[in-house]
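First the proteins, then the strands, lettered A, B, ... as listed; each starts at 1.
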Amino acid sequence: EAGVTQSPTHLIKTRGQQATLRCSPISGHTSVYWYQQALGLGLQFLLWYDEGEERNRGNFPPRFSGRQFPNYSSELNVNALELEDSALYLCASSLADPISGANVLTFGAGSRLTVL
Amino acid sequence: GQNIDQPTEMTATEGAIVQINCTYQTSGFNGLFWYQQHAGEAPTFLSYNVLDGLEEKGRFSSFLSRSKGYSYLLLKELQMKDSASYLCAVKGSARQLTFGSGTQLTVLP
């Protein structure tokens, strides 16, 4: 079974540009989560999509946005890039989320974004 | 909101036992997870607790006390490959996981 795949692996942009990161979940998973992991920091929750809808977003400015496609893949867009956006962006997928229960997230290897 | 605290770094010797603590404050509680992340790799799931008590899985065990907002991950018979970052994460009422900053464990020979 293929795991969560993310592309590109590495991306270099300059300040003010836009970046698009892509994620394909595990087959059968309908929920996709995006996290930012800056150097030396923990995973910061960005966005959660399920069944094509945005279910929740973290404490990030509106220039961080995304969407989920009918095949449950997802993309994260970051507009007007700033130096502090340099980080590893991790995508995770899971089965549809019950309110409780061990709904385990499976992570991709991440996309490393460098903003110069 | 949610707040999760865990030590930044720990060091232990191969073959020893190490306990990584995690304290949390959360709005609502729907489970606590531990993940392992090797440098440059994706986090991988280790354990899940939703009820008080100890969950054992091979060399790894995880404990939860909901009344104290406290969990620990216990690693026995440490191996060099256990050197990694260990992430404590809580599922609160918002239903997505909130992660702590991680504990970097170094296992020495």
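For the set Gly28(B), Ala42(B), Gly102(B), Gly31(B), the entry with the most heavy-atom pairs within less than 4.5 Å of chain A is Ala42(B). Here Ser101(B) is the residue among Ala89(B), Ser101(B), Gly40(B), Ser85(B) with the most heavy-atom pairs under 4.5 Å with chain A.
Heavy atoms closer than 4.5 Å to chain A are found nowhere in Phe29(B), neither backbone nor side chain. With a 4.5 angstrom heavy-atom cutoff, Gln44(A) does not touch chain B via any of its atoms. Only the side chain of Leu90(A) has a heavy atom closer than 4.5 Å to any heavy atom of chain B. When heavy atoms are compared at a cutoff of 4.5 Å, Leu97(B) approaches chain A by way of both its backbone and its side chain.
Salt-bridge check for Asp85(A) with Lys13(A): failed, with every basic side-chain N at 4.0 Å or more from each acidic carboxylate O.
Using the six-membered ring where Trp is involved, Tyr86(B) and Phe60(B) have ring planes that are perpendicular, over 60° apart on the 30 and 60° scheme. Between Tyr48(B) and Phe33(B), the ring-plane angle classifies as tilted under the 30° and 60° cut-offs.
Among Arg63(A), Gln18(A), Arg67(A), the one residue that satisfies the side chain to side chain donor-acceptor pair (under 3.5 Å) test with Asn77(A) is Gln18(A).
Between Gln104(B) and Thr8(B) there is no side-chain heavy-atom pair separated by less than 4.5 Å.
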